[in-house]
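What follows is a set of notes on a single structure, which appears directly below.
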Amino acid sequence: MITEVLINGATSDGRLPVTDSTVLRGDGCFEVLRSYAGKVFGMEEHLDRLATSATALQIELPDRVDLIAWVEKTAATLGDGAVRVVVSRGSAVPGHDQSSNVIVFGHTVDDDYGPARLKTVIAPWHAAGVAWQLAAAKLTSYAPNMSASRVARAAGYDDAVLLTTDGIVLEGPTFSVAWVVDDVVETPGLELGILDSITRRFVLGVARETGIEVEEGAWNLERLGEASEVIAVSTLREVQPVIEVDERAWEPGPISEILGKGFAELTG
């Protein structure tokens, strides 16, 4: 199911001009929010990050009140699922309308992810901590990440986990990763240039509130050899156990269960 598409708040047939910047250049930003029974989870956090992305791209957003109204309208129609907000710069071709467009629509989600099997993929395109003008922005230019997912799936895995060229663990193409060593949740730090995942924030908050120590930093892939549990987290995956990375294997563990239940309580 896909809801009606809103463009700048008006019902649309979902079509954009071929001149649009997201079509020609991938020049835009986006957010994916989760709707539970028509209620949006983490609205302010997601819209704050959207504002950060738009500012980095020098795209002007509509008033926050309007954005909230469009998202809430979509979520109410959808019920359970994902609400997508895509911000385009407008036309990439001179002489056409270059005012920004905000596209909002919702769709159902396959909740049956199950435990994940991941393949490592080197990500030479990833900033990996090098400062640049679009750091922390959630951009529509996801082609390299999607290619990594296809590489992993072609090799018989569910998805990829990205590494720097010198083997430091970063994130998945559309999710964050974490693991447990000696009852401590370890996860790549934001200083590595990974996305500041909203779900990651909430899940790490659950860990700290339940007395589980959290450490953010930089670890080589070999660190996973010491882990007792591995998880993937995102808006759509929520808290997903990882049972394999390359040839390393794990079983879903007790800390993953605690984090999953705690996050479910937040969204319920």
Q: If a pair satisfies ring pair (Phe, Tyr, Trp, His ring centres under 6.0 Å) and one of its residues is in residues 139-179, list it, with sequence neighbours excluded.
A: F30-Y142, W179-W219
Q: Before accepting this row, confirm whether a basic side-chain N of the pair R89/D27 lies closer than 4.0 Å to the acidic partner's carboxylate O.
A: yes
Q: Sequence neighbours left out, what passes side-chain contact (heavy atoms from CB on, under 4.5 Å) with I255? Give chain and number order.
A: V180, D183, V185, I212, E229, L259
Q.
Pair V169, V161 - check side-chain contact (heavy atoms from CB on, under 4.5 Å), show working.
A. CA-CA 8 Å; V169 181; V161 59; 4.2 Å; yes
Q. Between K119 and E247, is there a salt bridge with N-O shorter than 4.0 Å?
A. no
Q: Would you check if T187 and V177 make a side-chain contact, meaning some heavy-atom pair closer than 4.5 Å?
A: no
Q: Could you tell me whether the side chains of S88 and S21 share a donor-acceptor contact shorter than 3.5 Å?
A: yes
(Q) Test of understanding: with side-chain hydrogen bond (donor to acceptor under 3.5 Å, both in side chains), list the residues that count as partners of K39, not counting sequence neighbours. (A) none
Under 3.5 Å, sequence neighbours excluded: what are the donor-acceptor pairs made by side chains of residues 61-70?
| unit_1 | atom_1 | unit_2 | atom_2 | d |
| --- | --- | --- | --- | --- |
| R64 | NH1 | E44 | OE1 | 2.6 |
| R64 | NH1 | D48 | OD1 | 3.4 |
| R64 | NH2 | D48 | OD1 | 2.7 |

**Q.** Electrostatic pair R49:E45 at N-O distance under 4.0 angstrom
**A.** no
Q: Please name all residues satisfying salt bridge (Lys or Arg N to Asp or Glu O under 4.0 Å) with R84, sequence neighbours left out, ordered by chain then number.
A: none
**Q.** For I7, side-chain contact (heavy atoms from CB on, under 4.5 Å) partners two or more places apart
**A.** V5, S12, L16, N101, I103
**Q.** hydrophobic_cluster_shared for V85 and F105, side chain cutoff 4.5 Å
**A.** no
Q) Judged by atom type as modelled, is there a donor-acceptor pair below 3.5 Å linking the side chain of D20 to the main-chain atoms of S91? A) no
(Q) Suppose we screen for salt bridge (Lys or Arg N to Asp or Glu O under 4.0 Å). Which residues come up paired with E215, at least two apart in sequence or across chains? (A) none
Q. Who passes salt bridge (Lys or Arg N to Asp or Glu O under 4.0 Å) against R150, sequence neighbours left out?
A. none
**Q.** Counterpart residues, salt bridge (Lys or Arg N to Asp or Glu O under 4.0 Å), relative to E238 (two or more places apart)
**A.** R34
Q.
I'd like to check the side-chain hydrogen bond (donor to acceptor under 3.5 Å, both in side chains) partners of R208; sequence neighbours left out, ordered by chain and number.
A. E216
Q) Taking only residues two or more places apart in sequence or in another chain, which ones pass ring pair (Phe, Tyr, Trp, His ring centres under 6.0 Å) with F263? A) F41
Q. Partners of E226 by side-chain hydrogen bond (donor to acceptor under 3.5 Å, both in side chains), sequence neighbours excluded?
A. R223
